[in-house]
Engineer: 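Next up is a structure, given as structure tokens.
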Amino acid sequence: MFTQGTNCTQFSSENISCTTEIGSAIQFCSTKVIRPVSFLFLFLAFLFLPNFFFFFCTGLSDVRCINTERQALLKFKKHLIDPSNRLSSWTDDGDCCHWVGVVCHNLTAHVHQLHLRSFPNYESQEGYEAYQRTMFGGKLNPSLLDLKHLNYFDLSFNNFSASPIPSFLGSMKSLTSLNLSNAGFVGLIPHQLGNLSNLHYLNLKGYWIDDLYVNNLEWLFGLPLLQYLDMSYVNLSKASNWLQLTNTLPSLFELRLSYCQLPFIPPTPTVNFSSLLTLNLSGNHFENTLIPSWIFGLRNLVSLDLSYNNFQGPIPVDLQNMTSLSHLGLSGNNFNSSIPNWLYSFSRLEFLNLRSSNLQGTISNAIGNLTSAISIDLSRNELGGKLPRSLGNLCNLRELRLSSNKWSQEISEILESLSGCLSDRLEILDLSSSQLHGHLTDELGVFKNLVELSIYNNSISGPVPVCLGKLSSLRILNLRTNQFNGTLPQNLGQLSNLEALYISSNMLKGVVSEVHFVNLTSLRILYALGNQLTLKVSQNWIPPFQLGSLSLRSWNLGPKFPQWLCSQRRMLSLDISYTQISDMAPPSFWNLSSQFHYLNLSHNLINGEIPNSPVILSASTIDLSSNHFKGPLPCISSNVHLLDLSNNLFSRSTSHFFCFRVNEPKNIGHLNLEKNLLSGIIPDCLMNWSNLVVLNLGNNNFSGSIPASMGSLTYLRSLHLHNNKFSGKLPSSLKNCEELVIIDVAENRFSGNIPPWIGHRYTRLMILSLRSNYFHGHIPTELCALTSLQILDISHNKLSGSIPRCVKNFSAMATNNISNDLNSYRYVSGYGQYLSLESALLVIKGSIREYNTILHLVKSIDFSKNNLSGEIPKEVTSLQELQSLNLSCNLLNGSIPMNIGTMVLLESVDFSMNHLSGKIPSSMSNLTFLSHLNLSNNNLTGKIPLSTQLQSLTVSSFIGNSLCGPPLMDNCTVNGVKPNSENTRSKDTNGLEVDWFYVSMALGFVVGFLGVCSSLLLYKPWRIMYFQFLDHIGYKLKSVVSLGAIVKRYCKGIWTLTCLVLISLNSLILETASFAHLLSLSDRKPGTWDAELAWAIGVLKGERTLLFSFLKLLGLLIYITVGWRKHSMACFLLGICTNCIVCGLYSNIEAVIDCSDETVPLWDNRPFNHQCANNWHIGTVVGVDIETGAEYNLNGLAELRLADQNYAAQINSNQDISIMIYFMEENIKPLVNFYETPRFEVKDDVGLKIATHGWIGSEITGALLKCSNLSLLKGTGQPGQHEGMQWFTNSCQQFIATIFEETHIAEKDFVLGRILNSPFVIFTLPFVWLPLQLDMGLLG
């Protein structure tokens, strides 16, 4: 009698749908329903059927539509919006029965059906845009009520946005089928629809969630004949009795209530869904955690979809009784179990969707029993193991999705297991993100009917196989994010059906030519970014395709601009950034740019001016940054959402840019004009830029004040105005920008007080930089209300007063919470692109650095270079997550807070150029992350606390104070025990260094001269008696001993010689006895630390005593050999000089011992100087780590060899690392010192630290500390931390203090040798024989 259409969409992995458009009778494509009919009915049908067909075939051909109905349709058309003029046939004088979309009854000519649906196309961007142009809109005119016989009305897939479903539709009681799905209607569904008592088919599916809603579903009682009901995406949250009401529809065949925000499924004991064949309750996220049992009683169900409802527990076993199922969708639940074996017995199952269900275990070989399967989706689970070979026996399978699992197989092995009867029928294969590896072999060539192949995000390597070019049915090929290498096969250009090619993020190299694209006439999408490919085509090449999206980022397209781009008339998305183009873009390209939605030409050297036309830059996202564009800024349309023109050569004023079409609201949210040559003032035209979220005008030449209209940017979250010439005060209108997260106005000429309202308004502010301006006055306490603040920089201003004690309220600096607000607005919707990271210039660790990647992790305060006074408030130490604190160049006084050590994450501290006094708090040794410290030019006194970090710093960190201890050369007294006199020591004497070696030398001369010489010179009787006594002794010795020629020659000096020999022998005997005593300590049984320490130190000091005594004896022989003359004053002076030279060499001898090859002293507690370090390890030291077997070679400029990796290292005197000295006899025991030595700066990302092991040996006379067996300790990688040393810090600090307390026990055992070896005694001895010199020379 009239036309009816049926449209059944194929089941997909995401949705199970079968939509039937019903005319006078309802047909279902999923199954044929045969009901028993009576014999009487059959008899009457056969009786009247011939007459019926006669009238149907011969009909009245000249029947025209009824005029009232034609007028009703024309009125209806008048209120419709028809952008593509689809209803052009609806004219005043036309026959409405022949109009598009109108179906009349062949006998009565009444309008029975209206087919006004649109047909969506989501396969391509141009297809979707064409669909949008065909959609109807406007309003529905009540004139439709004049169509009294209308029984079919379809308005689906149109755009009646902002219009409610008209209630008059409830008066069209002849309707049997009403389809308003995806028509864009909004608001309350009228209850009058319950008056359509003849309705069999009702589809009210919404376009978006919450577009449509109901207060109740009581009106369903008026639809007793309803067989199909679809209210998906309608808000049914208020319809708590939805199940009871739908249960009253006895004829219901199909019920679809997906994404309806249904709160729960009532536990109804019995249901009356005896006719129900399809049930779709997906996407409701029910409060129920288990699938209700009544669903399992629906034994006639053919299609069941319970996806995305957060059901938990294993897949219910009761489901195994529903053997009639052909469609089963359980995706998006949390079953947390394996696939039950009984599921493999569903022989009728055609579509199985278990996607994202947290399934585990393996796939059983029994999956081969699903012989009816057409589509299987097991993606996004935790399945593993190997794919069963029985999958290859599913001969009906067309779609197999197994992505995002843990197959961990070679791709070739999987393809082999699927190569049964499935190989020539499979159309869709998705194995992406499945931890696959190996090579993609020619086994792929057997899948001749493949339409879609997705194996992206795996570790598949090797070349792209040539067999891909033979898969002629291929439409989508996704190979991105793998490790494919080599060149691109040329025969890919033969895939004439290929629509989308994704080869991004691989390691492809070589040249791509025109041959690669010769037959790609269907290609619409090409993503090939992240490869090292070079495109070489002729300058006049016109591609055979018309692309919609193209990304060739990182290819080599230059240096000429690719002219072939100008032929792409359908291009919507273009990314050719980083492609080495250094040419001017042709005008024909800019003429095309108005069609773009996404345009990225960044990081090239494209030059020239951009044509200044309002329609030029109209893409939603435009990135032209890092090029050489010049001239004035181009004007943009209101369609632009993101514009990045940073790092170019744009110049001149911006008035025309900001004030273009001043009355037209702009949709732009992100504007970046940083690093250009723009100048002039910012015009007061920002009121129509109210959607701005990010505004970056930094690094230009802007001047003047900030316009008041900037306060209209109420959505603004990031404001960068740094490094310009802005002046004046911060306008109060900025108070309206309450969403600000970062304010950077550094390096300008702003003046006045810091506005207190900053603290009240910007509750989300994380970064505030006012550095290098002319702000004055006090720091407002209102800033302390910024609890989210992580970076505060107000340095280089003229601020005065004290630091507010309320800084403890900066809670973001006191807790380890990491906020995501800083970059939460970076995502560019629609293109999967991200904006560049927020960045800021910060002065940290003594230098200015740009932070971006880890900016959200940095927590810093910088108050430097102001006029702040008073004490550092102890409340600062409550900011325990702070990483950098800079208070330098102020007028601060008082002491450093004692509990500063609680700020354990500090990496950089700068208190220099203040008036701080007192001692450095001992708690500072707890700052294990500290890598930069500057306390210079204060009034600090006392000893520098011991810690790995503090002793590794340079001397410049402490200069200008009255400090002592390492790393300074002035060593302090440790617990009342003086270090060995052989060490250069320091004492706090008002900042002046005192070297006791030279003091004792001077005292020796003074005492010797005054004690002997003065008495003899000043008192003549003593002098006469003394020399007479010596002459008398001399005459007696002459008579006893005959010295021959030598005595005759040196007779006048015999007594001098005798005394000198006796004194020297006495000194030698005493020192030898002392050394023997010290050596005897080695016989002690080790058991206490003091005995072992005395043994070690005694041995080394004994060596030095012997060596020094030998050198003194050598000086004596020189003294004798010179001989005596009549006038022996020269001999006297020579003797004194000889002894002075010998004693003066003492410190140099000690340094030689300290720096000699393979010898390091245990006692010396001063740092190695870098000159000494150059002599350290003169020879080659090779060691082998016993545990790892790694061999290390340290020779001059060190080269560390570890396993297969070579780390070239160089000595860098500016970076230090602590070396641990170990004492070994039978066991390794940590002993005494940390030494500051040159750091081996490894030229690699791997952080390495060096620790030295040594042992006491006895092969050489005395015991030598040998440096060998270097051990590399890999670091933890945390910033500022001495990696590999943290475990040793606390224990070593406590242990070394104990050692120093116990060293006095060892010192008493060799105190005699130390006294004899002291500079005081040595420089006093020459004067003992001074009278003899005077007698023989001066006074004789």
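The analysis underlying the following values was restricted to heavy atoms, covering all of them including side chains, and did not include hydrogens, waters or symmetry mates. Quick note: residue numbers are just sequence positions, from 1.
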Engineer: Of all the heavy-atom pairs spanning Ser772 and Asn797, show the shortest one and how long it is.
Structural biologist: N-ND2, 4.0 Å
Engineer: Using modelled atom types only, decide if a donor and an acceptor are shared between the side chain of Gln883 and the backbone of Leu905 within a distance under 3.5 Å.
Structural biologist: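 No, Gln883 side chain to Leu905 backbone: no donor-acceptor pair under 3.5 Å.
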Engineer: Side chains of Ser800 and Asn867: donor-acceptor distance under 3.5 Å anywhere?
Structural biologist: no
Engineer: Which heavy-atom pair separates Val876 from Met903 by the least distance, and what is that distance?
Structural biologist: O-CE, 3.6 Å
Engineer: Can you name the closest pair of heavy atoms from His720 and Asn696 and give their distance?
Structural biologist: CB-OD1, 3.3 Å
Engineer: Rounded to the nearest 0.5 Å, how far does CG of Asn604 lie from OH of Tyr578?
Structural biologist: 9.5 Å
Engineer: Check whether any side-chain heavy atom of Ser573 sits under 4.5 Å from a side-chain heavy atom of Phe596, and report yes or no.
Structural biologist: no
Engineer: Could you walk me through whether Leu842 and Val858 pass side-chain contact (heavy atoms from CB on, under 4.5 Å), step by step?
Structural biologist: CA-CA 10 Å; Leu842 305 177; Val858 177; 4.0 Å; yes
Engineer: So which pairs with a foot in residues 874-893 pass salt bridge (Lys or Arg N to Asp or Glu O under 4.0 Å), sequence neighbours left out?
Structural biologist: Arg805-Glu875
Engineer: Check whether any side-chain heavy atom of Leu765 sits under 4.5 Å from a side-chain heavy atom of Ile743, and report yes or no.
Structural biologist: yes
Engineer: Out of curiosity, Lys729 NZ to Asn753 CG, how far, rounded to the nearest 0.5 Å?
Structural biologist: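 Separation between the atoms: 7.0 Å.
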Engineer: Looking at His915 and Asn938, what are the two nearest heavy atoms and their distance?
Structural biologist: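 Heavy atoms only, the tightest pair is N-OD1, 3.4 Å.
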Engineer: Is Asn700 reaching over with its side chain to a backbone N or O of Gly698, donor-acceptor style, under 3.5 angstrom?
Structural biologist: yes
Engineer: Answer yes or no: is there an ion pair linking Arg764 with Glu739, defined by an N-O contact shorter than 4.0 Å?
Structural biologist: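 A salt bridge links Arg764 with Glu739.
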Engineer: When you compare the side chain of Asp862 with that of Ile791, does any pair of heavy atoms fall below 4.5 Å?
Structural biologist: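 They are not in side-chain contact.
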Engineer: Ignoring hydrogens, what is the shortest heavy-atom contact between Ala746 and Asp744? Give both atom names and the distance.
Structural biologist: N-OD1, 3.2 Å
Engineer: Tell me whether Arg849 at atom CZ has more than 12 heavy atoms from other residues, nucleotides or ligands lying less than 6.0 Å away.
Structural biologist: yes
Engineer: Is a donor from one side chain sitting under 3.5 angstrom from an acceptor on the other, for His603 and Ser577?
Structural biologist: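 Note: His603 and Ser577 side chains miss the donor-acceptor criterion.
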Engineer: Strictly under 6.0 Å, is that where the ring centroids of Phe660 and Trp689 end up?
Structural biologist: no
Engineer: Less than 4.5 Å apart, any side-chain heavy atom of Leu783 and any of Leu768?
Structural biologist: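 Yes - at least one pair of side-chain heavy atoms lies under 4.5 Å apart.
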Engineer: Is the ring pair Phe775/Phe750 parallel, tilted or perpendicular, if the boundaries are 30 and 60 degrees?
Structural biologist: parallel
Engineer: With rounding to the nearest 0.5 Å, note down the distance linking OG in Ser679 to CG in Asn701.
Structural biologist: 6.5 Å
Engineer: What's the separation between atom CD1 in Ile758 and atom NZ in Lys735, rounded to the nearest 0.5 Å?
Structural biologist: 11.5 Å
Engineer: Can you tell me how far OG of Ser884 sits from CD1 of Ile844, rounded to the nearest 0.5 angstrom?
Structural biologist: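 Here the rounded value is 4.5 Å.
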Engineer: Picking from Ser795, Ser864, Ser908, Ser912, what satisfies side chain to side chain contact (heavy atoms under 4.5 Å, CB included) with Asn886?
Structural biologist: Ser864
Engineer: Strictly by modelled atom types, are Asn934 and Ser957 linked by a side-chain donor-acceptor pair under 3.5 Å?
Structural biologist: no
Engineer: Under the 3.5 angstrom rule, does the side chain of Asn773 hit a backbone N or O of Val745 as a donor-acceptor pair?
Structural biologist: yes
Engineer: Taking salt bridge (Lys or Arg N to Asp or Glu O under 4.0 Å) as the test, write out the residues that go with Glu664, two or more places apart.
Structural biologist: Arg661
Engineer: Is the NZ atom of Lys865 crowded by more than 12 outside heavy atoms at less than 6.0 Å?
Structural biologist: no
Engineer: Look at atom CE of Met913 and say whether more than 12 heavy atoms of other residues, nucleotides or ligands are closer to it than 6.0 Å.
Structural biologist: no
Engineer: Show the numbers, then the answer: is there a side chain to side chain donor-acceptor pair (under 3.5 Å) between Ser638 and Asn667?
Structural biologist: CA-CA 6 Å; Ser638 58; Asn667 292 315; 4.8 Å; no
Engineer: Passes side-chain contact (heavy atoms from CB on, under 4.5 Å), Leu633 versus His656? Steps please.
Structural biologist: CA-CA 8 Å; Leu633 290 175; His656 70 286; 4.2 Å; yes
Engineer: Does the pair Leu565 and Leu550 meet the rule for a side-chain contact (heavy atoms from CB on, under 4.5 Å), with working shown?
Structural biologist: CA-CA 10 Å; Leu565 288 175; Leu550 173 64; 3.7 Å; yes
Engineer: For Met571 and Gln595: C-alpha separation, side-chain torsions, deciding distance, then whether side-chain contact (heavy atoms from CB on, under 4.5 Å) applies.
Structural biologist: CA-CA 7 Å; Met571 186 84 73; Gln595 71 191 30; 3.6 Å; yes
Engineer: I need the Glu674 CD to Asp644 CG distance, nearest 0.5 Å.
Structural biologist: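 Glu674 atom CD to Asp644 atom CG measures 9.0 Å (nearest 0.5 Å).
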Engineer: Give me the atom names and distance for the closest heavy-atom approach of Phe650 to Pro632.
Structural biologist: CD2-O, 3.7 Å
Engineer: Is the number of heavy atoms from other residues, nucleotides or ligands under 6.0 Å of Phe589 CZ greater than 12?
Structural biologist: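 Yes, because the 6.0 Å sphere around CZ of Phe589 holds more than 12 heavy atoms from other groups.
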Engineer: Check whether any side-chain heavy atom of Glu738 lies under 4.5 Å from a side-chain heavy atom of Thr714, and answer yes or no.
Structural biologist: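 Counting from C-beta outward, Glu738 and Thr714 never come under 4.5 Å.
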Engineer: Counting only heavy atoms not in Ile681, do more than 12 fall under 6.0 Å of its CD1?
Structural biologist: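 Count not over threshold, so no.
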Engineer: Check whether any side-chain heavy atom of Ile794 sits under 4.5 Å from a side-chain heavy atom of Phe863, and report yes or no.
Structural biologist: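 The answer is yes, as the side chains (C-beta and beyond) meet within the 4.5 Å cut-off.
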Engineer: Take Asn723 and Asn699 through the test side chain to side chain donor-acceptor pair (under 3.5 Å) and record every step on the way to the result.
Structural biologist: CA-CA 5 Å; Asn723 195 18; Asn699 290 292; 2.6 Å; yes
Engineer: Under a 4.5 Å cut-off applied to non-hydrogen side-chain atoms, are Met710 and Leu695 in contact?
Structural biologist: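 They are in side-chain contact.
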Engineer: What I'd like to find out is whether the side chain of Leu891 reaches to under 4.5 Å of the side chain of Asn914, using heavy atoms alone.
Structural biologist: no
